[in-house]
Amino acid sequence: MAKKVMHAVRYEGYCDGATGLRYAEVPVPSPKKDEVLLRMEAASLNPADYKIKKGMARPFLPCKFPFVPATDVAGEVVDVGSGVKDLKAGDKVVAMLGFSVGGGLADFVVAHKTLTAKRAPEVTAAEAAGLPMAALTAHQALTICAGIKLDGNSSGKPANILVTAASGGVGHYAVQLAKLGNAHVTATCGARNIELIKSLGADEVLDYKTADGAALRSPSGRKYEAVIHCATGIPWSTFEPNLSDNGKVIDLTPGPSALLTFVFKRLTFSKKQLIPMFVCAKKENLEFLVGLMKEGKLKTLVDSKYPLSNAEDALAKCIDGHATGKIILEP
Ligand SMILES: NC(=O)c1ccc[n+]([C@@H]2O[C@H](COP(=O)([O-])OP(=O)(O)OC[C@H]3O[C@@H](n4cnc5c(N)ncnc54)[C@H](OP(=O)(O)O)[C@@H]3O)[C@@H](O)[C@H]2O)c1
């Protein structure tokens, strides 16, 4: 019997920019024992997708070519492996795929059962597809690194949190989650997004192109207990005077100088710390985030939507670095 085919976007080797993507016909994958096969309804892009394509994680990622990029997908289960008991054909789900295997930009996608969460029908595929990498990162940074509790039982003085690049994929979730954790949120973004970020709950918003914004100075004079640092290129010397005595900068894109600062602060027992963070995705956290979305407590800002056949423009938009929220692809 002829194998079923589907469309997938893939590249044959490391290449810079948005070029080198091919919209090809390839066989539909089969789920292994602990995997599910999804009909993709929406996928979202993250900066990691173009960084991997460019070769920034070579020789480890991708693990082989041709490579179908994207880790974040929402869809409907069409088949399950023999070891999958809690998911069945017809379930609406959201999943995060492994960085090394990718596979998101395709009509059909295999996902591991341990990173596939059911979603209620009222959570749209596009909204859910925004969540995996960006919202899990925001969640981990706030709960594990900054110690913010999101269970609605926060007592005591609200923590002062700064979110840089609050209009981006990670930042817009971080603002909403920090507010659910009863924090006082200062955010930075471009002038065009100030009202939007306030509407997500930020208490004060700085235009990053002004002098006060570039200095990260809280308009109300607050010192930050934690910075969820989603922007890039801000030196420690800018953060330092704005931190509380035990303040932490959680750096999501740590470069060599951030790593040096991390080591130096540790070795000198500094109370102010820089913490490099990399997401460690967990199904229970994805389920928690989907639950918040169902309850209307968390939303995805959709910057733009593209058909899978035009993934090149979607990736170019991602590389440009000026998306407001998430870039979504649909079949
Ligand atoms: N460590 C991890 O596990 C992890 C996980 C996810 C993401 N990341 C990293 O985190 C970073 C953010 O990811 P993302 O998906 O949120 O990116 P993104 O969606 O591409 O961010 C774009 C947004 O950032 C804003 N922006 C850019 N520079 C800014 C600045 N200096 N100050 C304030 N706003 C600024 C832009 O606003 P304008 O358009 O107004 O300029 C735009 O709205 C990336 O470097 C990504 O690789 C790391």
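Computed from a predicted model, the values in this text were never measured in an experiment. Each residue takes its place number in the sequence, starting with 1. Whatever order the structure lists them in is the order used to number ligands and atoms, beginning at 1.
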Would you mind finding which of [options] brings a heavy atom closest to [atom]?
atom: atom 29 (C) of ligand 1; options: Tyr208, Phe99, Tyr50, Tyr173; value: Tyr208
atom: atom 34 (N) of ligand 1; options: Gly233, Pro47, Ala165, Ala141; value: Ala165
atom: atom 42 (C) of ligand 1; options: Ala323, Gly325, Gly168; value: Ala323

Do [X] and [Y] have side-chain atoms, one donor and one acceptor, less than 3.5 Å apart?
X: Thr124; Y: Arg119; answer: no
X: Asn46; Y: Lys326; answer: yes
X: Thr19; Y: Glu312; answer: no

Proximity flag [X] to ligand 1, non-hydrogen atoms under 4.0 Å:
X: Thr164; answer: no
X: Lys51; answer: yes
X: Arg192; answer: yes
X: Cys230; answer: yes

More than 12 foreign heavy atoms under 6.0 Å from NZ of Lys297: is that the case here?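 Counting other residues, nucleotides and ligands, NZ of Lys297 stays at 12 neighbours or fewer.
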
Counting only heavy atoms not in Lys282, do more than 12 sit closer than 6.0 Å to its NZ atom?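 At most 12 heavy atoms, drawn from other residues, nucleotides or ligands, come within 6.0 Å of this atom.
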
Quick one: which ligand 1 atoms are inside 4.0 Å of a heavy atom on [X]?
X: Val279; value: 2 (C), 3 (O)
X: Gly190; value: 40 (O)
X: Thr253; value: 9 (C), 10 (O), 11 (C), 44 (C), 45 (O)
X: Ser167; value: 25 (C), 36 (C), 37 (O), 42 (C), 43 (O)

Give the residue, atom name and distance (to 0.1 Å) of the protein heavy atom nearest [atom].
atom: atom 19 (O) of ligand 1; answer: Gly169 N, 2.8 Å
atom: atom 16 (O) of ligand 1; answer: Val170 N, 2.9 Å
atom: atom 1 (N) of ligand 1; answer: Met277 O, 2.7 Å
atom: atom 8 (N) of ligand 1; answer: Leu252 O, 4.1 Å
atom: atom 38 (P) of ligand 1; answer: His322 ND1, 3.3 Å
atom: atom 36 (C) of ligand 1; answer: Gly321 O, 3.5 Å

Would you say [Y] ends up clustered with [X] if hydrophobic residues are merged whenever their side chains have heavy atoms under 4.5 Å apart, either directly or through other cluster members?
X: Ile197; Y: Leu162; result: no
X: Leu105; Y: Met96; result: yes
X: Ile148; Y: Leu136; result: yes
X: Met277; Y: Leu289; result: yes

Go through it in stages, so that I can follow the logic: the residues are Leu87 and Val93, the test is side chain to side chain contact (heavy atoms under 4.5 Å, CB included), and I'd like the CA-CA distance, side-chain angles, deciding distance and then a yes or no. CA-CA 9 Å; Leu87 295 163; Val93 295; 3.9 Å; yes

Please confirm whether Arg58 makes a cation-pi placement over Tyr14, using NZ or CZ under 6.0 Å from the six-membered ring centre and within 45° of the ring normal.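 Yes, cation above the ring, under 6.0 Å and within 45°.
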
Heavy-atom distances under 4.0 Å decide this one: backbone, side chain, both or neither, for Thr137 against ligand 1?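 Within the 4.0 Å criterion, Thr137 contacts ligand 1 through side-chain atoms alone.
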
